[in-house]
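Whatever order the structure lists them in is the order used to number ligands and atoms, beginning at 1. By convention here, the first residue in the shown sequence is residue 1. All of these numbers come straight from a predicted model, not from anything done at the bench.
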Amino acid sequence: MRIAVIPGDGIGKDVTAEAVKVLQATGEAFRRRFDLVHLPWSADHYLKTGETLPANGYQMLRDEFQAIFVGALGDPRVPGNQHARDILLGTRFELDLYVNYRPVRLLDDRLCPLKDRGRKDINFVVFRENTEGVYVSVGGRFKAGTVDEVAIQEEINTFKGVNRIIRHAFEYAKANGLTKVCMADKSNVMQQGHALWQRVYKEVAAEYPGITATHQYIDALAMFLVKDPGQYQVIVTNNLFGDIVTDIGGALQGGLGMAASGNIHPGRTSLFEPVHGSAPPLAGKNIANPMGAILSSALMLETLGAMDEARAIERAVEAAIAQHQTTTDIGGSLGTREVGDWIAKRIQK
Ligand code: NAD
Ligand code: IPM
Ligand code: MN
């Protein structure tokens, strides 16, 4: 398996080193070769060369690799984060990675931030539409910088885009024996774009009689995620709302450092990354939690069909938590590298 590795910026570099360590250990334990090709695309690279990614960058990712692993992108030295837009959002768009798959699973009751809740209450997946919405940057500014400035940022919703993510959510539920899908939008206010979500959701849901399809407005969903997360199995929502609720999802798993994700076009080269960003204040200090990145590498292997390898990584992460071999954000006393070492060793055993 040939995998592109883009550590990126800040703690992206720190946590990617540990995910790579764990992937290598997994490869050795299962006698499988992972050809990990590091690409330097980052703020450093951009500031040095003026290049975010090369002209053939997207094509290269698509044609030469089975998967892409990303740490995080975002650096205060690049105002506007042009490089992050090109490298991360650009790859999502150019490779048409329309499924942002973000499982929210609490791995240990001790990590639960909610009173009287535990593993049984926090186990669902969020499917975030990943190629449309406000992320397309359609719009413009008029009289910029003056008191008359007008700023327009359009939200794009297409039948194709809405249909395929909603369908994916139902197919996932069906394939995994789940019986509940909840769609979240703001159709009470966004009477054009989200009317499309309403229509498509009803049409697709009718094709899945075994699945109970519910709807919540996104503000209510945000509240229920904290008050009663046990009601969810599968959530499907748009790009921006999905971004926001999966940070809540990160908190429900013990912290943003625990959350994993896949940016997927089924059957094509897809991109895997932790949900968190580059967290500049933590960068290079050996304190960032590498588990979200490590669990993202497990999602990557799972998507590539290496199920046993993926399970081995997940089990090793669970063991590390159970035995308090963690970083300080989730109550341990180890550094980033020491957590990676422990998990890698555990897999080799
Ligand atoms: P962030 O996710 O980087 O960090 C927010 C806070 O969460 C941190 O200050 C820290 O307290 C905690 N945190 C995050 N990851 C952690 C980890 N692995 N271990 C321990 N604690 C962790 O969000 P931000 O500060 O809003 O953004 C920083 C930069 O990252 C920005 O430039 C942003 O655009 C970018 N970003 C990139 C991605 C990505 O590449 N996928 C995702 C989100 C944000
Ligand atoms: C995420 C991030 C990105 C997003 C940023 C860095 C563009 O927050 O992957 O959740 O908003 O999608
Ligand atoms: Mn985000």
Side-chain angles (χ1 to χ4, degrees), residues 5-19 41-43 46 52 68-93 97-102 104 111 113 126-137 153 237-264 270-296 299 317 321 326-332 334-340:
V5 177
I6 306 172
D9 304 325
I11 64 165
K13 293 191 178 112
D14 307 344
V15 298
T16 300
E18 303 318 307
W41 309 342
S42 61
Y46 177 56
T52 55
I68 306 156
F69 186 89
V70 172
L73 290 151
D75 188 305
R77 293 170 303 164
V78 184
N81 278 311
Q82 184 57 43
H83 69 300
R85 280 216 296 280
D86 285 2
I87 299 163
L88 182 63
L89 298 182
T91 304
R92 288 178 185 170
F93 292 141
L97 307 175
Y98 65 91
V99 178
N100 198 325
Y101 170 48
R102 297 189 158 182
V104 179
L111 304 189
V126 178
F127 288 107
R128 163 186 176 190
E129 201 293 319
N130 213 31
T131 53
E132 307 193 333
V134 296
Y135 278 74
V136 298
S137 222
Q153 182 112 35
T237 190
N238 71 26
N239 207 340
L240 181 61
F241 297 164
D243 177 45
I244 297 166
V245 299
T246 54
D247 264 34
I248 301 178
L252 292 175
Q253 294 170 87
L256 214 36
M258 295 302 296
S261 82
N263 300 256
I264 299 170
S270 297
L271 183 157
F272 300 82
E273 55 171 353
V275 171
H276 66 73
S278 56
L282 312 188
K285 295 183 179 153
N286 197 36
I287 50 180
N289 184 346
M291 287 181 169
I294 291 168
L295 291 168
S296 300
L299 286 188
V317 170
I321 298 166
T326 70
T327 44
T328 52
D329 55 307
I330 56 167
L334 298 187
T336 310
R337 288 189 288 276
E338 290 68 34
V339 170

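The closest protein non-hydrogen atom to atom 11 (O) of ligand 1 is L282 CD1, 4.7 Å. In terms of protein heavy-atom proximity, atom 1 (C) of ligand 2 is nearest to R102 NH2, 3.4 Å. Looking from atom 34 (O) of ligand 1 to the surrounding protein, the closest heavy atom is N81 ND2, 4.3 Å. Nearest protein heavy-atom contact of atom 14 (C) of ligand 1 is H276 CB, 3.6 Å. Closest to atom 7 (C) of ligand 2 among all protein heavy atoms lies L89 CD2, 4.0 Å. Closest to atom 41 (N) of ligand 1, if we only count protein heavy atoms, is E273 OE1, 3.0 Å. D243 OD1, 3.2 Å is the protein heavy atom nearest to atom 8 (O) of ligand 2. What sits closest to atom 18 (N) of ligand 1 on the protein, heavy atoms only, is N289 O, 3.0 Å. Of the protein's non-hydrogen atoms, S278 OG, 3.2 Å is the one closest to atom 29 (C) of ligand 1. The protein heavy-atom contact nearest to atom 5 (C) of ligand 2 is L88 CD2, 4.6 Å. For atom 39 (C) of ligand 1, the nearest protein heavy atom (residue, atom name, distance) is L88 CD2, 3.7 Å. Scanning the protein for heavy atoms near atom 11 (O) of ligand 2, the closest one is Y135 OH, 2.6 Å. Counting protein heavy atoms only, atom 9 (O) of ligand 2 is closest to R92 NH2, 2.7 Å.
The closest approach between any non-hydrogen atom of R85 and ligand 2 is not below 4.0 Å. The closest approach between P76 and ligand 1 stays at or above 4.0 Å for every heavy atom of the residue. By the 4.0 Å heavy-atom criterion, R128 is counted among the residues contacting ligand 2.
F127 has its side chain out of reach of N100: every pair of non-hydrogen atoms, C-beta onward, lies at least 4.5 Å apart. R128 is listed as a side-chain neighbour of D243, based on a closest heavy-atom distance under 4.5 Å. Side-chain contact between N289 and T326: absent, with no pair of heavy atoms (C-beta onward) separated by less than 4.5 Å. No side-chain heavy atom of D14 sits under 4.5 Å from any side-chain heavy atom of P290. Side-chain atoms of N239 and V134, non-hydrogen and from C-beta on, never get closer than 4.5 Å to each other.
Between P274 and ligand 1, not a single N/O pair is under 3.5 Å apart. Taking only nitrogen or oxygen atoms, main chain and side chain alike, L73 reaches within less than 3.5 Å of ligand 1. For ligand 1, the polar-atom distance check finds an N/O of G277 within less than 3.5 Å of one of the ligand's N/O atoms.
For R337, the CZ atom is loosely surrounded, since the number of other residues' heavy atoms within 6.0 Å does not exceed 12.
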Review item, side-chain donor-acceptor pairs of residues 272-279, under 3.5 Å, at least two apart:
residue : atom : partner : partner atom : Å
E273    : OE2  : R92     : NH2          : 2.8
E273    : OE2  : N263    : ND2          : 3.2
S278    : OG   : G74     : O            : 2.7

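Between the side chain of N81 and the backbone N or O of A84 there is no donor-acceptor pair closer than 3.5 Å.
Across E132 and F93, no two heavy atoms sit closer than the pair N-CE2, 4.3 Å.
In T327, neither the side chain nor the backbone holds a heavy atom less than 4.0 Å from any atom of ligand 1.
For atom 9 (O) of ligand 1, the choice among A279, G250, G12, A43 with the nearest heavy atom turns out to be A279.
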Side chain to side chain contact (heavy atoms under 4.5 Å, CB included) between L299 and Y101, worked out: CA-CA 9 Å; L299 286 188; Y101 170 48; 3.8 Å; yes
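Annotation for ligand 1: atoms under 4.0 Å from non-hydrogen atoms of L256 are 2 (O), 7 (O), 14 (C). Of all atoms in ligand 1, listed by their number and element, those nearer than 4.0 Å to a heavy atom of A288 are 19 (N). Close contacts between ligand 1 and I11 involve ligand atoms 15 (N), 16 (C), 17 (C), 18 (N) [criterion: under 4.0 Å to a heavy atom]. With ligand atoms numbered from 1 in the order given, ligand 1 contributes 32 (O) to contacts under 4.0 Å with heavy atoms of G74. Each of the atoms 20 (C) of ligand 1 lies under 4.0 Å from some heavy atom of D329.
A search for side-chain contact (heavy atoms from CB on, under 4.5 Å) contacts involving I244 returns L240, not counting sequence neighbours. With sequence neighbours excluded, no residue forms a ring-ring contact (aromatic ring centres under 6.0 Å, His included) with Y135.
Within the protein, the N, O or S atoms lying under 2.8 Å from the Mn ion (ligand 3) are D243 OD1.
For the 3.5 Å distance criterion, the side chains of E129 and T131 qualify, holding a donor opposite an acceptor.
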